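In listed order, ligands and their atoms are each counted from 1. The shown structure was predicted, so the numbers you read here are calculated from the model rather than taken from an experiment. The analysis underlying the following values was restricted to heavy atoms, covering all of them including side chains, and did not include hydrogens, waters or symmetry mates.
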Amino acid sequence: MLVGGQGTRLRPLTLSAPKPLLPTAGVPFLSHQLARAAECGITHVVLATAYRADMFTECFGDGAEFGLSIDYMYESTPLGTGGGIRNAASRLRGGPDDPIVVLNGDILSGHDLPAQVDVHRKADAAVTLHLVEVDDPARYGCVPTGPSGRVTAFLEKTPNPVTNRINAGCYVFRRSVIDRIPDGRAVSVERETFPSLIAAGAVVMGYAESAYWLDVGTPEAFVRGSCDLVLGRMPSPAVPGECGDALLLDGASVAPGASVSGGTVAGPGSVVGEGAVVDGSVLFEAATIEAGAVVRGSIIGRGAAVGAGAALDGAVIGDGAFIGPGNELTKGIRIWPGVRLAPTSIRFSSDI
Ligand code: GDD
Ligand code: MG
């Protein structure tokens, strides 16, 4: 699993923890991937780490909690997606022709991984890519295929996508193909490995499936992913409780007359005051929403507080920040950790 990115699009949340460890539906994001991997029959996982590497080891240890054996590889200088996979190769088990599953560490996917492995085996492919269709392919790796499902090109973040079918960030590699990725330097599988395999005539297959799929790399997508897990739209064995309109974790308290809905998760020790409305949001540990505040589609960091009557829509509030009563924060605003906004009636619309 590739978990070495800096998660810049999720700042300031990723200043204190890497993206795959952000609490998502009550557990570190990667727990959902690890639990699904175990469910699909995977027994051994290598985490390719770079940014905040020690936090992964602390969080997942030897993997026994998931019925997995987890190894950790570290890149002191980030090696990119291909370099990260290559660096992890020394820990991989199995022979040169065995299938190795590689996952981007920020994907929620309900697709049938064993069926993807099957396609890979039947085609005796070098690599088999999970493909999904999206409305905005220019933000992803655009992947046209031929009639037999064979990949004909790989166009990473092209301004002129030729199809809506994109790389979903889950690959099955023939082990020997990983061993041939250049060692000791940065490599991008998307910009280097895949295009050169295709140019060399290697069999690169697409496995298209339209099950639930989401890259949680932006604040909007992160909130949506957490809510979908809580609502049960994306099934995950790692959700710590019953799916439903809201998930209240240990010690979370919701005052009478408050409403918590839309797949909101209220983290351990979080408090929602009287008459407050929290809809489709993520409250980290010990976050506080004071009486009458309205919070929609937002992420409230650890120990952060939203004052009485404040209104947030699509906001990201860093750990320990305080939004004074009466503030209105509109879509896309991010408040850095520890910042205190005085009580006001001003509408904010840019980063602070
Ligand atoms: N170990 C390691 N080292 N991992 C890395 C590095 C690195 O240097 N750089 C990135 N990663 C990890 C990230 O942590 C993430 O899990 C994964 O690689 C992909 O990086 P993102 O930064 O999330 O890429 P993206 O979302 O813009 O694009 C990728 O995912 C799309 C699907 O969501 C590409 O693979 C696209 O082709 C794809 O469509
Ligand atoms: Mg991503």
### Query
Okay, side chain of Ser270, backbone of Ala286: is any donor-acceptor separation there less than 3.5 Å?
no
#### Entry: Flag, side chain of Ser226 to backbone of Ala25, donor-acceptor distance under 3.5 Å
yes
### Task
Between Val3 and ligand 1, find which residue part has any heavy-atom pair under 4.0 Å and reply side chain, backbone, both or neither.
backbone
### Query
Which one holds for Lys157 and ligand 1: side chain close, backbone close, both close, or neither close, with close meaning a heavy atom under 4.0 Å?
side chain
### Message
Residue-level breakdown please: for Leu79 versus ligand 1, do any non-hydrogen atoms fall below 4.0 Å on the side chain, on the backbone, on both, or on neither?
### Response
backbone
### Message
Could you check whether any side-chain heavy atom of Asp106 comes within less than 4.5 Å of a side-chain heavy atom of Pro20, counting everything from C-beta outward?
### Response
no
### Query
What is the nearest protein non-hydrogen atom to atom 8 (O) of ligand 1, stated with its residue, atom name and distance?
Gly80 N, 2.7 Å
### Message
Under 4.0 Å from a heavy atom of Lys19: which atoms of ligand 1 are those, numbered in the order shown and with their elements?
### Response
23 (O)
### Task
Indicate yes or no: at least one non-hydrogen side-chain atom of Leu312 is less than 4.5 angstrom from one of Ile300.
yes
### Query
Has the side chain of Arg334 got a donor or acceptor atom that lies under 3.5 Å from a matching backbone atom of Pro12?
no
### Task
Identify, by atom number and element, the atoms of ligand 1 in contact range of Thr81, meaning under 4.0 Å from any of its heavy atoms.
18 (O)
### Query
Hey, does the side chain of Tyr51 reach the backbone of Thr14 with a donor-acceptor pair shorter than 3.5 angstrom?
yes
#### Entry: Protein residue, atom and distance nearest to atom 23 (O) of ligand 1, heavy-atom basis
Asp106 OD2, 2.8 Å
### Query
Under a 4.0 Å heavy-atom limit, does Phe29 contact ligand 1 with its side chain, its backbone, both, or neither?
neither
#### Entry: Heavy-atom protein contact below 4.0 Å for atom 20 (O) of ligand 1
no
### Query
Looking at ligand 1, does Phe194 have a heavy atom less than 4.0 Å from it?
no
### Query
Looking only at heavy atoms, is any part of Phe154 under 4.0 Å from ligand 1, and if so is it the side chain, the backbone, or both, or is it neither?
side chain
### Task
Kindly give the heavy-atom pair with the smallest separation between Val143 and Ile166, and that separation in Å.
CG2-C, 4.1 Å
### Message
Less than 4.5 Å apart, side chain to side chain, heavy atoms only: is that true for Pro161 and Tyr140?
### Response
no
### Message
Just to be sure I read this right, does ligand 1 sit under 4.0 Å from the backbone of Tyr171, its side chain, both, or neither, counting only heavy atoms?
### Response
side chain
### Message
Is the ring pair His32/Phe29 parallel, tilted or perpendicular, if the boundaries are 30 and 60 degrees?
### Response
perpendicular
### Query
Relative to the ring of Phe222, is the ring of Phe284 parallel (under 30°), tilted (30 to 60°) or perpendicular (over 60°)?
perpendicular
### Summary
In ligand 1, the atoms that come under 4.0 Å of a heavy atom of Pro78 are 8 (O)
### Task
Pull out every atom of ligand 1 sitting under 4.0 Å from any heavy atom of Glu190, numbered as shown with elements.
34 (C), 35 (O), 37 (O)
### Query
What protein heavy atom is closest to atom 11 (N) of ligand 1, reported as residue, atom name and distance in Å?
Gly5 N, 3.6 Å
### Element-labelled atoms of ligand 1 that are located less than 4.0 Å from some non-hydrogen atom of Asp215
26 (O), 32 (C), 33 (O)
## Note on the structure
Looking only at protein heavy atoms, what sits closest to atom 37 (O) of ligand 1 is Glu156 OE1, 2.6 Å
### Task
Identify, for atom 38 (C) of ligand 1, the protein heavy atom at the shortest distance, and state residue, atom and that distance.
Asn167 O, 3.2 Å
#### Entry: Identity and distance of the protein heavy atom lying nearest atom 29 (C) of ligand 1
Asn104 ND2, 3.6 Å
### Query
Under 4.0 Å from ligand 1, counting heavy atoms only, is it the side chain of Ala50, its backbone, both or neither?
neither
### Query
Do the side chain of Ser90 and the main chain of Ala88 share a donor and acceptor less than 3.5 angstrom apart?
no
#### Entry: atom 1 (N) of ligand 1 [closest protein heavy-atom partner, distance rounded to 0.1 Å]
Glu75 OE2, 2.7 Å
### Query
What class does the angle between the rings of His111 and Tyr207 fall in, given that below 30° is parallel, 30 to 60° is tilted and above 60° is perpendicular?
tilted
### Query
For atom 22 (O) of ligand 1, what's the nearest protein heavy atom and its distance?
Arg9 NH2, 3.7 Å
### Message
I want to know if ligand 1 touches Ile107 in the polar sense, i.e. an N/O pair below 3.5 angstrom.
### Response
no
